[in-house]
Amino acid sequence: MTALIQTADFPRIFREQTPLIDVRAPVEFDRGAVPFACNLPLLTDEERAAVGKRYRDQGRDAALALGYELVDADSRQQRLQRWIEFRQDHPNALLYCYRGGLRSSISQQWLAESGVEIPRIAGGFKSLRRFLMETIESAARDTEMVIVAGKTGSGKTHFINSVENSLDLEAHANHRGSAFGKHALPQPGQVDFENRIAVDLIRLDWQNLRRLVLEDESRAIGSLSIPLAFHQRMCESPIAMIEESLANRVDTIHFDYIQSNYREFQQHFSEQADQMFAESLTDSLARIRRRLGGENFQHISALLTQALDSQFRGEGIDDHRLWIEALLKRYYDPMYDYQLEKKSHRIVFRGDRDELRNWIQHLIEQS
């Protein structure tokens, strides 16, 4: 492997999820990174800010001199040791900075002086990011899609994860896509969300796919936005409908939004789990209060309060089914029927999940 990795190698890097050392400052990493990169910075946030100011005021050479001044022998050895340990654990590791220039060159040089060779990525994160966004644009332009739709609680996410050639946008957004879709942990940033989509497309070998299966989504998934060109292609693609009974849809929502979410809160927040879980549900209901209308809101809010009280008294979680069913009947189903009418001309199949699975498999095989 050469010491400088070029764009032609990017598909392999993403497909194999090659371990990456990101030597940018933490503040840069937090704004967006490659999903499988580890942030082991050359400069702290404060050092980077100081070097940047010196560069703007006095130029490159002065900035470089300040960098060497700020990173003393002890700091250099500590940072070098972290890179070496990562390389020992990941022999195929690569490294990058923002533009693939000074910081990654210095890091690579320090490692080489210690007897450790690590290739660096030409163009750095900026080049990787450009390649990933081009991947999304190309997939939006060239890939045939099938959009799986169905009323709230139809199990669309579970379904697409049970078939081949599928892309789970909600998983990458860490959000279930509705007013109640928040997980215990926050969503990623927009850049990370887009990068995850692109890496998954590469993993799926999108250029050779006969069909890409996706869930019907509005452009916004929580606080994040599906890339515009990609979502536009989704909105032009044929729709396959899952048809499920109300009872089954209540079961699905109860599992996803109550059972699974409550376990997440218990896992991550321990003693605060009950309070945070309750606040998540009540805040979600409050966000749709105006659209529900006063009477519906009061009715469903009372059922939700009753369910939470029963749950935290140790009486189980079955009472949650009451407000879930009321919310489906009074809010989600009427809203979905209205939205679906506007895109009914795109519906090419209706059936239960087994029938839909067979139809999609036949479609992929015949393409």
Side-chain angles (χ1 to χ4, degrees), residues 149-159 161 168 170-171 173-187 215-218 220-224 242-340 352-353:
K151 290 184 175 180
T152 303
S154 297
K156 299 181 290 293
T157 304
H158 296 292
F159 177 81
N161 282 307
D168 188 348
E170 292 183 1
N174 194 39
H175 197 283
R176 291 194 173 96
S178 72
F180 290 81
K182 288 178 63 177
H183 287 273
L185 297 181
Q187 293 187 259
E215 181 175 348
D216 191 19
E217 305 280 2
S218 62
I221 304 181
S223 63
L224 303 176
I242 293 181
E243 297 184 328
E244 281 286 353
S245 68
L246 176 63
N248 286 345
R249 292 191 291 124
V250 170
D251 285 344
T252 296
I253 293 175
H254 189 269
F255 177 80
D256 288 344
Y257 290 67
I258 305 303
Q259 298 176 49
S260 296
N261 268 14
Y262 185 53
R263 284 195 297 268
E264 285 185 21
F265 278 95
Q266 287 179 311
Q267 176 185 352
H268 295 292
F269 299 108
S270 187
E271 295 179 359
Q272 296 178 295
D274 288 1
Q275 178 184 344
M276 296 182 70
F277 175 71
E279 289 176 353
S280 175
L281 290 176
T282 55
D283 290 349
S284 295
L285 185 61
R287 279 196 291 273
I288 59 173
R289 179 172 187 161
R290 289 184 61 187
R291 285 176 285 171
L292 270 173
E295 183 179 344
N296 284 336
F297 176 79
Q298 293 300 330
H299 175 70
I300 295 170
S301 181
L303 292 176
L304 174 56
T305 299
Q306 174 187 323
L308 289 168
D309 288 344
S310 296
Q311 177 181 352
F312 299 145
R313 284 198 305 266
E315 298 173 2
I317 58 175
D318 280 349
D319 281 357
H320 283 286
R321 297 178 186 276
L322 299 176
W323 70 263
I324 290 171
E325 182 172 342
L327 191 62
L328 288 176
K329 288 180 176 178
R330 300 189 182 202
Y331 176 69
Y332 278 110
D333 286 1
M335 179 180 66
Y336 192 83
D337 288 340
Y338 171 75
Q339 293 174 340
L340 188 63
D352 64 29
R353 63 186 60 198

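Considering only heavy atoms from C-beta on, Y332 stays 4.5 Å or farther from K151 through its side chain. Side-chain contact between T157 and D256 is absent, with no heavy-atom pair separated by less than 4.5 Å. Side-chain contact between R289 and L292 is absent, with no heavy-atom pair separated by less than 4.5 Å. Between I258 and I253 the shortest side-chain heavy-atom distance does not fall below 4.5 Å. Put simply, the side chain of D216 reaches to within 4.5 Å of the side chain of Y336, judged on heavy atoms. The closest side-chain heavy-atom distance from N261 to H183 is below 4.5 Å. Using a 4.5 Å cut-off on side-chain heavy atoms (C-beta onward), Q259 and I317 make contact.
To the nearest 0.5 Å, atoms CZ (R313) and CG (D319) are separated by 8.5 Å. Taken from CG in L185 to CZ in F265, the straight-line distance is 8.5 Å, to the nearest 0.5 Å. Distance check: L322 CG to L327 CG gives 12.5 Å after rounding to the nearest 0.5 Å.
Between the side chains of E170 and H175, not a single donor N or O lies within less than 3.5 Å of an accepting N or O. Side-chain contact check for H254 and D318: no donor-acceptor pair (N or O, by modelled atom type) lies under 3.5 Å. For the residue pair Y331/T152, the side-chain donor-acceptor check at 3.5 Å is not satisfied.
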Next on the checklist: Would K182 and R176 count as a side chain to side chain contact (heavy atoms under 4.5 Å, CB included) here? Give the steps.
Outcome noted: CA-CA 7 Å; K182 288 178 63 177; R176 291 194 173 96; over 6 Å; no
Checklist entry - Given the rule in the side chain to side chain contact (heavy atoms under 4.5 Å, CB included) test, do N248 and S245 qualify, once you have shown the distances and angles that lead to the verdict? => result CA-CA 5 Å; N248 286 345; S245 68; 3.3 Å; yes
Item to check | side chain to side chain contact (heavy atoms under 4.5 Å, CB included) between L308 and F277, worked out | outcome: CA-CA 9 Å; L308 289 168; F277 175 71; 4.1 Å; yes
Next on the checklist: Quick one, I221 with E217, criterion side chain to side chain contact (heavy atoms under 4.5 Å, CB included). Give me CA distance, side-chain angles, the key distance, then yes/no.
Outcome noted: CA-CA 8 Å; I221 304 181; E217 305 280 2; 4.1 Å; yes
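Of all heavy-atom pairs between H268 and A184, the closest is CD2-CB, 4.2 Å.
Checking side-chain atoms of R287 against main-chain N and O of A179 turns up a donor-acceptor pair under 3.5 Å. Side-chain N or O atoms of N174 include one that pairs as donor or acceptor with a backbone N or O of P186 at under 3.5 Å. No side-chain donor-acceptor contact under 3.5 Å links K156 to the backbone of I242. Remark: side-chain polar atoms of S270 are not paired, donor with acceptor, to backbone N or O of Q266 under 3.5 angstrom. The main-chain N or O of Y257 is never found under 3.5 Å from a side-chain atom of S260 such that the two would form a donor-acceptor pair. Panel note: side chain S280, backbone M276; no donor-acceptor pair is recorded below 3.5 Å. The closest donor-acceptor contact from the side chain of R353 to the backbone of S154 lies under 3.5 Å.
Atom CD of Q275 is surrounded by 12 or fewer heavy atoms from other residues, nucleotides or ligands within 6.0 Å. When the shell of 6.0 Å around CZ of R290 is examined, it contains 12 or fewer heavy atoms from other residues, nucleotides or ligands.
For the pair D333 and R249, the salt-bridge criterion is met [side-chain N within less than 4.0 Å of a carboxylate O]. Under 4.0 Å is where a charged nitrogen must lie from a carboxylate oxygen, and between R321 and E325 no such pair does.
Using cut-offs of 30° and 60° on the angle between ring planes, the pair F312 and Y262 is tilted.
Ring pair W323/F180: centre-to-centre distance below 6.0 Å.
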